[in-house]
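Contents: one structure, followed by commentary.
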Amino acid sequence: MSHLLQLNDVSVIFEGKTDGVKHTIPAMVDVNLSFDSGEIVALVGESGCGKTTLGKVLTGLQKPTKGELFYKGKNVWSMNKAEFAEYRSSVQLVQQDSYAALNPAKTIFQSLSAPILQNKIVKGKKAAHEKVCELLRTVELTPPEQFLEKYPHQLSGGQRQRVLMARAISLNPKLIVADEPVSMVDVSLRLSILNLMAKLNKEMGIAFVYITHDLATARYIAKNGRLAVMYLGKIVELGSVRNVLAAPRHPYLQALLTAVPVPDPKVAKGKRELPLKSLEMPSISNPPSGCAFNPRCPYADETCVLVQPKLDFHGDDLVACHHAERIPEWKLVTLAK
Amino acid sequence: QSGKDGKRETVWRQSGGWPKPPLFQGNNFANGGVGAAYPFVFEGLFQNVRFTDKQYFRLAESLEHQGNKTIVKIKPGVKWQDGEPFTSKDVWAYYTLNNGAEVTKYLESVEAVDELTIVFNWRNPSPAEHMKQLFIGQDGHGTIPYHLYHKYVDKAAELLKKAKPFTEPNKEGPFGLEIKDEIREAMDENWRDFLKAGPNFPVGTGPFMVKKVTSSDMLLEKNPNYWNVENIHFDKITIKNPGPDPSAGFALVRSGNVDWFDGTPPRDIIESILKLNKDIAHYKMLDPASVGMVFNLDRPPFDNKDFRKAIVYALDRKKIREIGNYYGQESDVSMAGMPQSEFDNWITPEIRNQMEKFTYNPEKAAEILTNLGWTKGSNGVWRDPEGKVHEFIIGVNGGWQNGPIPGQVAAEQLTEFGLPTKLIAVDGTVYFDNAAKDKGKYDMSMDWVDVSWGFMFPWNSMRNYYWWGLGQMGHLPRYESGEKQNRLNLHLPGPDGKVIDIDQMLRDIPYMNSVEEQKEALSKLAWITNENAMGMVLFQNVTGAWANLKTVKGWPRADEIEKYDRDMPVTTVREDLQEVADLNQGFSGITPFVEGRYAPR
Amino acid sequence: MTVKIVLKRVGTAAITIVLATVLTFLLLRLTPGNAIDQWAREYSIQYNISLTDAYERIARMINYNPLEPIYRQFVRYVSGLAHGNLGYSMVNQGLSVNEIIAKALPWTLFVSSVSLLISFVVGIFLGVKMAWKRNSILEPIVSLYSVVTNAVPDFIFAIILLIIFAYGLGWFPINGAYDFYLTPGFNLPFLLSVVYYASLPILTYVITLIGGWALMMKGSAIGVLGEDYVEAARARGISESRIMDRYVKKNAIIPLVTQLAVALGAMLGGAILIENLFQYPGIGYYMAEATKQRDYTVMQGILLFIAITMVVANLISDLIYSKLDPRIKVEE
Amino acid sequence: MQRTVDFFKIICGNRRSLVGLIILIFFFLMATVGPFIFKLDMGVDYENRYSGPTWDHWLGTDYGGRDTWTQLVHGSKEVITIGFLTAVITMIFGSLLGMISGLIGGKVDTGIMLITNLFLTIPSFPIFIMLAAILSIRDPISFALVLSAWSWPGLTRAVRSQVISLKERDFIVICRVMNLSLPHIVFKELMPNIVSYLAINFVLIMRGAIVGSVGLMMLGLAPYSPTNWGQMLSLAISQTGGIFNPNGYIYVLSPIVCLALFQLGAIFFANGLDEALNPRLRGNA
Amino acid sequence: MEENLVEIRNLSVEFKLKRGTIRAVDNVSLDIPKGKVTALVGESGSGKSTLASAILKMVSSPGVISNGSINMNGENILKMKQRALQQYRWSNVSMVFQAAQNSLNPVVKIKEQFIETYLAHKKAPEKEILAKAAQLLEYVRLEPKRVFESYPHELSGGMKQRVMIAFSLLLDPDLVILDEPTTALDVITQDYIFDILLKIHEELAITMLLLSHDISVVAKVADRIGVMYAGKLVEVGDIFEIFTNSKHPYTAGLIKAAPSLLEDLEHTVPIGGSPPDLLNLPSGCAFHPRCQFAKDICKQVTPPMEDVGENHLTACHLHHAVEMGSVN
Ligand SMILES: Nc1ncnc2c1ncn2[C@@H]1O[C@H](COP(=O)(O)OP(=O)(O)OP(=O)(O)O)[C@@H](O)[C@H]1O
Ligand SMILES: Nc1ncnc2c1ncn2[C@@H]1O[C@H](COP(=O)(O)OP(=O)(O)OP(=O)(O)O)[C@@H](O)[C@H]1O
Ligand SMILES: [Mg+2]
Ligand SMILES: [Mg+2]
Ligand code: NI
């Protein structure tokens, strides 16, 4: 059976310019990834590693430079109109900046009713009103009437993010790409938004791709799902959250996990060294040869400089590292001394 | 200021315009000439006075008509400002190079007999003697110093020599020659080269020499070699250029910064300036030109004589004059081909009595229209016999100071009368084309009409209408083909009912030997012009000059100044008229300087 | 910033100039009316000859043949340009546009740069003051002033100044560029008189420009004052006057400096009315004069010159901008 | 409806914009209703020229004894029509090009921008002069055409940059994901965000056009219309020497004051408009 | 008892806005012990930055310090004259700003900014200043040579942050305020910077005040922690004490709401409701609408700060009644 959404050797290479000199930015390189109905996949990585680009490819906003995107087994970029329309409404996006994602000149009702009217989910203003209220209730904005006539700037960040959620589910999608949906939301509210996503996943069967740089929240939302770790445009580790966090293989992921702060002073204050050679993130437009992580990797050797590692099974999970077997085991619990 | 010898330096200060440097150059024939410096620097053998046709002798010592020859002797000792003597060769050079001068059409040749003697050889038949004199008097013979421009003069002479006498009537060029295209082209090129030849400052024979020119001021100094230098009472002339904005000029006058200033502004300004500066007097003088409009005979209903008359009756010219030029002279004719002020001189009393009097009479205008089959609607708007309402257009050159205001009032009055009319003011560079080309875009075109600049003799103003620009704006009929192609094709009954070929009559006038005969012909033409309401004079222009009584003496009508409290009315007394006309440098050059009438106080 | 970018910029500028050349050329050829008509009418009156005669004579005198195919005229014009020759007046024989510009430009440049400088300096000062002390009475006064001076077109100020100070009180000359009796050159009396004669035009510009600069500067300075580095500087104990100078002014001026070049260009083109009113022998005056006479060649020469100046001014301001503000990289 | 009411509430809430609005309404009434109330009589009454203000002549009379106030009223119709038409033409042309340029991008954008910059480098006033001759200004429409011929590039550039900055914004991007049509994106999403910008520009272009028209009038390049403020000014100053006649001061000053007042109103109103139409500045109403 | 470097008493800061007055800091009393890292946590808008700016007497307009005192080394800062204040700033208290990225003058080279700042306080030859600055830059592991000649935009975010940290030490201040020094940086850099800060703290014995909304970060760095809510300090105490024995439901909520890599996921519970609107604060305890334990008294009476343990203060009516840790 085909996957809901599948990336097949997808690369996205931007043309960039600095100081007037043209160069290429490989924002995504040979990514293979698939998503099934109802699952939650968390995608983590540092800033600029290509997460948003991947999200854009999934939502059809960015045509891959190379490779294919399949929706239910059909290549999205050679679909006919009807198929494409179905794909379009089935894969939705929730953006990071809830303020920028809403038209400041339109009320919440206007913003929410336009897509359902245009996509003929409902007919007539009245039905639209009903539907919008229902959506708002679903995302726990009650009473809905209170929000309909408000402008985006009149809502709090958390509320706006819920509106985005409501808009995303309005077309009855099968999958929602949520690109850092909570990074701009206040700490005290983040969790409730994540819970909302979990609820939508559970109750409506919507699959989520949760893009973040925060491993802790990724773990929280995708506790039963999968985790993909990106580094400089490539997937370096992929597997179930449980497995991956319990036994991270890739030295980059290990470093990342080491750096994640822990809300417990006893643990946090324990001395840890970052397992890294260098702190500087290489430029994505000029990635290192071989394994992109090699300049920072404490285990790197000549092979790493020369040969690009493939994403391969190590245990149940996929890892892209020449020395995956050799690298010392790293356990979260070792933190807690 | 004091000069080198301790004597006080005397300065005449006036205003005027000129091409600002770097546009300024010393060749008077180049664009814009030398501006206000012209009358001080250049002169001719004679000086015609524009309004009175009096002729002053300048470089000429004597003039003698001998049949087809006119012999002019130059005053001995006249020098160019660079010291070279002025000779008959220079006069010859003038006509040879500037062979488009009007008089050359009537000449066979100009001969420099000896250093100081020039002979004008007239073609046969030759114009009447007083005509010859007027023609010659128009020219500034001392403007092309042969010693500076001999290259171009000789070239022109050579080219003229190549030309054959004309054979076809339409190919008549200067000196009775037929100038073929290639000669024309060579001559044009020669002329263009001449224009580029400089010098930086003009070299003439006049009493003053240009010493310095900036964008705002010009300085001239006395020419010590001038033939009449002892009569010149000023050491220097300074000319200020106030620009096209009249207010700047009035500011100069009011502050007493100029001794003489040209023009007649609206009455209130005159009165206010005179009140503010007690040293100043204002003289007014008739201008041989009227502000008016010509009707476009190509555009119905203006092709109908009676309709045109109705228009003339419908306009209240008093009101137009009041704000057009308060001092202007009102007219009782439609248009006569000569200014109202000349009627007594040139129209015989019998004919004058037969001329229809056009005084403001809207009832009469209405009556005419009714007779023509026009009807007036309840909204007060006239409809033509077909029931159509017209909207008429008066065209005017928007840049012409004297035009738009009276034109606007005229349009207003016609509209009020029930003939909706709009004034359209356009840029001067397109105005004439709009008015004259094809059928013309205007029903009425405003301009100077009955204008006699150059010389007063009304033949001048007549041809201006029937032959020249005004007629083109009026769309007078012309022969379309044949021998007379493009000539005026207008045959109208005169006062005695006899049909007159106007073109022929105009051609004949210069050759009529008796003034009486000319009067007779001009009277008939005047009658015809008025009778057919070819156009409409709104008012005869009155121009004038400001004089500073404190700094300069010698102003005309000295005994009357007090009487009029310096606000001098237009005079009709002959001598006064002559003197006042001399006040205007455009009319008579700088005659009062040359004759020593003006002197510092 | 690399040489390559500068070259690229220069290239774009060059294309713009080429297009401007074509555009001005074509526009002028479309203009109805011609150099001959009005002149001929005057000429016929002056020399008392028929209009047709006058027309012919004038047509012969000028360097322009309306029947010549347009592409030939263009080729001639462009080949002149290639030699740095903006063309010859077709009305004033032998006079080159270069010569006119050489004579006129210094005056226009003098007046516009001095007025720009004065208005800029004063405007900056007022703007910073306003931004610094938000609730002082300076603010409403300057704001109102700016609105009023913005509302009334500059030529009306020119007229009012002329009426009051030149025509009325007679404190200033009614026109001209310097005292006629002085010898132009590098001598004090002459320089003083140049300043004296230029004072009304300069005053006109200054009056109308100050408000704009002040408001712009205020806006810019308020923006800068809101920046974190100003706050941070204060936290570092840096004195207020120094903050105002090194932090606020220096940063807030940057966007205005580019405006300065643009404003200078605009003044060259906008000088027509003002220079005409003051009869000031600058570029605008000769442009108007050429327009009146339909001296196409001069018109196109001057227009092109102004266009080039604008392009160059913009280019320079772009480049200066990147120098002044290290953050800005000159980009596509 | 509610929005219109809100709009006026905000305009009226701001002192400046209220003053601006009142001034503009005043001139609007003057231009529309005024001519019907005050009948223009241009008949010469020489004896009563330059009279001071009286009950019959609120602002006195001109050099021909004609009422100044009615001339101003009738002039306003023309002046404001010219300004309005210019703004409309400029708006349509300028914003359309700007949108096309910004939305389509690529070669089209480069081309349009090159032309726009070209127009911006050639000074407008000399061009106005030339265009005034080419198009031979006859009526407000041709006048407006001339004035807008060189006023669109600024707007085009501004609209383009607005569109470009908007088009990458998240809320436009999401429209594609939500399968919304291009017309919807342009008219329902983009437009509301630049409409305030356009409205302000409308007022400002109108204001610029009026200044330009008066300038052309002063140079005598536009058709003769004695009641047009520019022509009044030009007549007062250079043709009838009103400035040399103390009685004429009112005549000289009235068009200047009208002009200044109108501009002032426009500027004030534009400021207010900015606030009223910009939801971010609206505050939590 | 430790010695206190700064003692803040009943401090209130108000912003008078068109729509009403905001009390961004409301009657806060806080001690900053010498030689320790004190942290302030609280959600966005709770008044952390405002409090910090008050310590420098630099509340941005239209804010005014309406009440209270701030004593440092026995002197009330709020009474200082402009001159003295300028001297005091940076040499006694320096600050690494929330948006450190933007706290350098973009048009002046880093080198000159160092010199300028130094000279504003003390006289010294340029060389000496640069030597000192170079030393500090090396401390934060930057290449002085390159940094000196750079304009701020030429450095990456993490580098700028480190420059600012070095900068804050230029005049050997007694107190360094760190206002969310790592918000815009990714975890690895963040971790690294905190390592540097801790090293500085230890080696130079500099007192620090850390402001953060991320309780996990605080857990790593701070010795003492204060929790702010709606402009009020609601709880303050030793870091371990607070984490294990917090007496305020908000503090407890914050700790529980922080997702961790270690905790059992079931233990992570969000705080309900939405953040308070400062213009329209709930009556009584501002937290009561979101508090699951709220009683009537919470709606009516603002709870005072009370001692609940050694060096542990809490402003909650219920601290004796409820044992927060045991509530699920
Ligand atoms: N349209 C584009 N043109 C050129 N370069 C781009 C474009 N979009 C993204 N990039 C570059 O591609 C790289 C990956 O960007 P992307 O936005 O996918 O990263 P990210 O992982 O989402 O980062 P962040 O966590 O900061 O959101 C970056 O270096 C970015 O500069
Ligand atoms: N200059 C100002 N003008 C108006 N209000 C202000 C100003 N500065 C701060 N405030 C208000 O004061 C309150 C406290 O702000 P402050 O910046 O101190 O919060 P914070 O806890 O630092 O928040 P964050 O985590 O977002 O930095 C906020 O409601 C804010 O809106
Ligand atoms: Mg991203
Ligand atoms: Mg803060
Ligand atoms: Ni410690």
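The chains referred to below are lettered A, B, ... by the order of the sequence lines, with proteins before strands, and numbering in each begins at 1. No experiment lies behind these values; they were computed from the predicted model shown.
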For a salt bridge (Lys or Arg N to Asp or Glu O under 4.0 Å) check, start with the C-alpha distance between E/Lys220 and E/Asp195, then their side-chain angles and the critical distance, and finish with the verdict.
CA-CA 10 Å; E/Lys220 170 171 171 147; E/Asp195 274 346; 3.4 Å; yes
Quick one: which of [options] has the most heavy-atom pairs under 4.5 Å with chain A, could you say?
| options | value |
| --- | --- |
| E/Ile215, E/Thr189, E/Asp191 | E/Asp191 |
| E/Thr268, E/Asp277, E/Ile255 | E/Thr268 |
| E/Ile188, E/Val221, E/Val187, E/Ile242 | E/Ile188 |
| E/Ala222, E/Gly45, E/Gly272, E/Gly158 | E/Ala222 |

Report the relative orientation of the aromatic rings in A/Tyr252 and A/Phe293; use parallel for angles under 30°, tilted for 30 to 60°, perpendicular for over 60°.
perpendicular
Students often mix this up, so state it plainly: with edges at 30° and 60°, are the rings of E/Tyr250 and E/His248 parallel, tilted or perpendicular?
perpendicular
A/Asn224 and A/Arg242, any side-chain heavy atoms less than 4.5 Å apart
yes
Which of the residues A/Ala216, A/Pro265, A/Ala259, A/Gly157 is involved in the greatest number of heavy-atom pairs with chain E at under 4.5 angstrom?
A/Pro265
What I want to check is whether the side chains of A/Tyr231 and A/Arg296 have a donor and an acceptor closer together than 3.5 Å.
yes
Whatever's closer than 4.5 Å to a heavy atom in chain E on A/Leu194 counts as neither
Please classify the contact between A/Leu189 and chain E as side chain, backbone, both or neither, with a heavy-atom cut-off of under 4.5 Å.
side chain
Decide, yes or no, whether a salt bridge links A/Glu237 with A/Arg249 under the criterion of side-chain N to carboxylate O below 4.0 Å.
no
